[in-house]
Amino acid sequence: MSHVIEMIGIRKEFPGIVANDDITLQVEEGEIHALLGENGAGKSTLMSILFGLYHADKGIIKVRGKEVHITSPNDAFDLGIGMVHQHFQLVHNFTVVENIILGKEGGFVYDIKKASKKIKDISDRYGLSIDPDMVIEEITVGMQQRVEILKMLYRDADILIFDEPTAVLTPQEIDELMQIMRNLAKEGKSIILITHKLEEIKAVAERCSIIRRGKLIDVVDVKSTSASDMAALMVGRPVNFKVEKEESKPSDVVLQIKNLNVLNNKKVLGVKDFSLSVRRGEIVGIAGVDGNGQSELVEAISGLRKVESGSIEFCGQDITTMSIQERNELGLGHIPEDRQKRGLILSSPLTTNFVIKEFYKKPYSSKGILNKDKIEEYSSKIIGKFDVRSGEGIYSLAGKLSGGNQQKAIIGREIEADPELLIAVQPTRGLDVGAIEFIHKELVKERDNNKAVLLVSFELDEIFNLSDRIAVMNSGRLIDIVDTKDTDEHEVGLMMAGIRKEGDSSEK
């Protein structure tokens with residue numbers, strides 16, 4: 001096979017950090033080539049150079065054997081290179097078709113009907129189930145991911161970069177995407193897959209380039225290299241994939257939800273007559289396919305969405321109509337699903353983001369004056385404890401961190417605030433196996449410190465690995481609550497599809 005992509009001796013520096021340090025990447029035609037590394041290792045930076053978003057300080061790029069200079073994404077598209085970004089590049093108040101043709105309109109008049117037909121044809125061909133007329137802000141995160149894939153396929157790219165493409169997909173959607181990748185490779189397309197999920201690399205990739213702290217560590221044959229060996233190469237030490245935890249010892253109820261009804265963005269009930277309790281000393285996992293009311297439920301508990309009827313009690317107080325600040329004061333922690341929209345102020349430094357919920361009180365301020373030393377001390381503690389890697393330390397802008405490091409910054413802030421209840425939504429989305437291992441231990445530590453944890457994850461293995469009890473949602477309703485030790489993934493999968501267990505669905 002010939003090399004369709006060669007990136008030779010690539011170096012890229014940012015203030016205070018060398019993101020790529022003399023990296024060479026070679027991808028063969030028709031190959032699915034995985035790119036593996038820790039959060040902030042330089043994977044996305046390397047691919048952003050290939051896609052024309054960044055310019056390398058040193059090194060050369062060859063496409064199909066010819067040296068090229070890629071100065072913009074349009075140059076990349078002209079060379080047949082497409083990229084599905086980890087954080088979606090979509091205009092939220094535009095339709096699917098408007099987003100996909102953006103930048104490709106041509107002259108003053110564009111045949112939008114023709115474009116819609118082409119998009120529909122591609123969507124049907126690959127089983128993406130996308131309506132070209134849907135507005136982005138009205139569709140789920142998972143559907144937005146599919147729009148990004150469609151955008152690339154619409155431009156007839158034959159070198160396809162997938163940056164964490166499955167982070168927001170359901171298990172079934174992941175399986176479908178893996179099959180799409182295999183089909184694309186069979187058609188002669190070359191795929192670079194950036195992922196932290198070793199099982200995905202094992203499922204579809206032929207070779208894997210492993211990067212650690214900006215340097216190429218090794219290029220391995222996937223079939224002959226175990227997942228644990230790849231993980232060890234990535235983080236520089238052995239990784240334990242199974243969470244070590246004692247049996248839970250739950251005590252009094254911290255969160256009590258009774259007969260909750262909440263409208264979704266389409267003004268129909270997204271949460272229907274939902275009841276659940278979460279006790280100190282336990283992790284309750286919410287299992288369900290994305291878009292079945294989990295987001296509306298979490299937003300209702302955290303104060304981001306109005307409750308139509310029913311009640312929410314927290315630490316013995318009715319918080320159904322309380323403000324977000326009042327809920328925070330009572331000890332409610334929230335790791336949100338969308339880290340960029342809900343979790344961080346991207347244009348502000350980490351110092352601001354770390355104290356955003358507590359800046360108005362001691363020790364971070366007194367009589368309206370911020371205590372810079374205390375804020376810096378607290379910020380340094382979070383960065384150190386949670387390994388948040390940033391070029392300019394505590395004063396790095398949140399928007400300049402890699403996706404995984406943004407996630408670690410949010411998790412660090414929420415856990416260090418010592419909440420009575422921590423709502424963790426997709427807490428390890430986009431994190432490498434080393435960081436996942438650490439975050440899982442921290443969530444179990446919260447439980448063991450007699451705190452309550454409500455975990456929402458679309459990763460069934462994460463739900464089973466961490467949860468003491470599992471509440472299953474389908475179409476906004478509670479299907480059943482089961483003890484993790486008394487069930488399995490098949491049974492929970494059936495309940496996620498709306499098939500109840502024999503007997504009643506009363507809460508345990």
| remark: Nearest heavy-atom contact between Ser467 and Val284 is OG-C, 4.3 Å
| Backbone N/O of Val84 and side chain of Asp163: donor-acceptor pair under 3.5 Å | no
| query | Is any side-chain heavy atom of Glu313 less than 4.5 Å from a side-chain heavy atom of Leu255? | reply | no
| query | Got Ile375 and Ile394 here, is their nearest side-chain heavy-atom distance under 4.5 Å? | reply | no
| field | Side-chain donor-acceptor pair present, Ser248, Glu282, cut-off under 3.5 Å | value | no
| query | Roughly how far apart are Ser396 OG and Leu401 CG, rounded to 0.5 Å? | reply | 6.0 Å
| Is the backbone N or O of Ala452 less than 3.5 Å from a side-chain atom of Glu446, with the two atoms forming a donor-acceptor pair by type? | no
| task | Show your working on side chain to side chain contact (heavy atoms under 4.5 Å, CB included) between Asn465 and Lys242 and close with a plain yes or no. | result | CA-CA 7 Å; Asn465 218 356; Lys242 185 69 179 171; 3.5 Å; yes
| task | Among Thr320, Asn261, Asp273, find the one that has a side-chain hydrogen bond (donor to acceptor under 3.5 Å, both in side chains) with Ser309. | result | Asn261
| query | For Phe274 and Lys258, what are the C-alpha separation, side-chain angles and deciding distance, and is it a side chain to side chain contact (heavy atoms under 4.5 Å, CB included)? | reply | CA-CA 6 Å; Phe274 188 95; Lys258 292 180 181 177; over 6 Å; no
| task | Taking all non-hydrogen atoms of both residues into account, name the closest pair between Leu350 and Gly393 and its distance. | result | CD1-O, 3.7 Å
| field | Working for side chain to side chain contact (heavy atoms under 4.5 Å, CB included), residues Ile149 and Gln145 | value | CA-CA 7 Å; Ile149 295 169; Gln145 173 73 79; 4.2 Å; yes
| query | Which atom names give the shortest non-hydrogen contact between Met143 and Ser129, and what distance separates them? | reply | CE-O, 3.5 Å
| With sequence neighbours left out, what residues match Phe464 under ring pair (Phe, Tyr, Trp, His ring centres under 6.0 Å)? | none
| query | Between Val222 and Arg207, what is the shortest heavy-atom contact and its length? | reply | CG2-C, 3.7 Å
| said: For Arg280, is there an ion pair with Glu420 - N to carboxylate O distance below 4.0 angstrom? | reply: yes
| said: Taking the basic N atoms (NZ, or NE/NH1/NH2) and the acidic carboxylate oxygens, is any pair closer than 4.0 Å for Asp448 and Lys249? | reply: no
| Taking the side chain as C-beta and beyond, is there a heavy-atom pair between Val147 and Ile130 under 4.5 Å? | yes
| query | When you measure from the side chain of Asn292 to the backbone N and O of Ser475, does any donor-acceptor pair fall under 3.5 Å? | reply | yes
| message | Please find the pair of heavy atoms, one from Ile479 and one from Met473, that lie closest to each other, and give the distance. | response | CG1-C, 4.3 Å
| message | Distance check, rounded to the nearest 0.5 Å: Leu332 atom CG versus Gln325 atom CD? | response | 13.0 Å
| task | Determine whether the side chains of Asp290 and Gln294 contain a donor N or O and an acceptor N or O closer than 3.5 Å. | result | no
| task | With rounding to the nearest 0.5 Å, note down the distance linking CD in Glu200 to CZ in Phe162. | result | 11.5 Å
| field | Whether Asp483 side chain and Asp486 backbone form a donor-acceptor pair below 3.5 Å | value | no
| Under 3.5 Å, is there a donor-acceptor pair linking the side chains of Glu148 and Gln89? | no
| message | Any heavy-atom pair between the side chains of Lys43 and Glu38 that's under 4.5 Å? | response | no
| message | Check this for me, if you would: do Lys272 and Glu308 make a salt bridge, where the nitrogen-to-carboxylate-oxygen distance has to be below 4.0 angstrom? | response | no
| query | Are Phe354 and Tyr378 close enough that their ring centres sit under 6.0 Å apart? | reply | no
| task | First locate atom NZ of Lys451, then atom CD1 of Ile283, and finally report the distance between them rounded to the nearest 0.5 Å. | result | 13.5 Å
| Are Glu459 and Lys197 close enough, and set up right, to give a salt bridge (Lys or Arg N to Asp or Glu O under 4.0 Å), and what steps lead you there? | CA-CA 11 Å; Glu459 307 279 352; Lys197 298 179 180 178; 2.6 Å; yes
| field | Polar side-chain atom of Asp432 near backbone of Gly434 as donor-acceptor pair, under 3.5 Å | value | yes
| message | If you count heavy atoms of other groups shown closer than 6.0 angstrom to NZ of Lys202, is the number above 12? | response | yes
| task | Examine the side chains of Gln256 and Ser277 and answer whether a donor and an acceptor come within less than 3.5 Å of each other. | result | no
| query | Does the side chain of Leu269 reach to within under 4.5 Å of the side chain of Asn264, using non-hydrogen atoms? | reply | no
| Thr428 (side chain) donor-acceptor with Leu431 (main chain) under 3.5 angstrom | no
| Sub-3.5 Å donor-acceptor pair from the side chain of Asn353 to the main-chain atoms of Ile345, do we have one? | yes
| Pairing residues for Lys361 by the side chain to side chain contact (heavy atoms under 4.5 Å, CB included) criterion, not counting sequence neighbours | Glu329, Glu358
| query | Can you tell if the side chain of Ile192 reaches within under 4.5 Å of the side chain of Ile32, non-hydrogen atoms only? | reply | no
| field | salt bridge (charged side-chain N to carboxylate O under 4.0 Å, His left out) against Arg305, all qualifying residues, sequence neighbours excluded | value | Glu299
| said: If the test is side chain to side chain contact (heavy atoms under 4.5 Å, CB included), which one of Ile411, Leu466, Val444, Ile335 qualifies with Ile439? | reply: Ile411
| query | Would a distance-only check, ignoring hydrogens and angles, find a side-chain to backbone donor-acceptor pair under 3.5 Å from Arg447 to Val453? | reply | no
| After noting the C-alpha distance and the side-chain angles of Glu326 and Gln317, does the key distance pass the side chain to side chain contact (heavy atoms under 4.5 Å, CB included) rule? | CA-CA 11 Å; Glu326 287 172 318; Gln317 294 193 46; over 6 Å; no
| Asp133 and Thr95: side chain donor to acceptor below 3.5 Å | no
| note | Shortest non-hydrogen pair, Asn99 vs Val91, comes out as OD1-N, 2.7 Å
| Does a sphere of radius 6.0 Å around NZ in Lys374 hold more than 12 heavy atoms from other residues, nucleotides or ligands, not counting ones at 6.0 Å or beyond? | no
| task | State whether Lys408 and Asp387 are salt-bridged, where the test is any N-O pair (Lys NZ or Arg NE/NH1/NH2 against Asp/Glu carboxylate O) under 4.0 Å. | result | yes
| Is any side-chain heavy atom of Pro336 closer than 4.5 Å to a side-chain heavy atom of Val425? | no
| field | Gln406 side chain to Arg339 backbone, donor-acceptor under 3.5 Å | value | no
| Below 4.0 angstrom, N of the basic side chain to O of the carboxylate: do Lys381 and Glu416 qualify? | yes
| request: Classify the side-chain pair Glu376/Thr351 by whether it contains a donor and acceptor separated by less than 3.5 Å. | output: no
| said: Does Lys400, at its NZ atom, have more than 12 non-hydrogen atoms belonging to other residues, nucleotides or ligands within less than 6.0 Å? | reply: no
| said: Test your reading of the model: is there a side-chain donor-acceptor pair from Glu414 to the backbone of His334, 3.5 Å cut-off? | reply: yes
| Quick one: do Lys245 and Asp468 make a salt bridge, cutoff under 4.0 Å? | yes
| query | Hey, are the side chains of Met496 and Asn474 touching, using non-hydrogen atoms and a 4.5 Å cut-off? | reply | no
| Is a side-chain donor-acceptor pair under 3.5 Å present for Asn39 with Ser402? | no
| said: When you compare the side chains of Ser380 and Glu377, does any donor N or O come within less than 3.5 Å of an acceptor on the partner? | reply: no
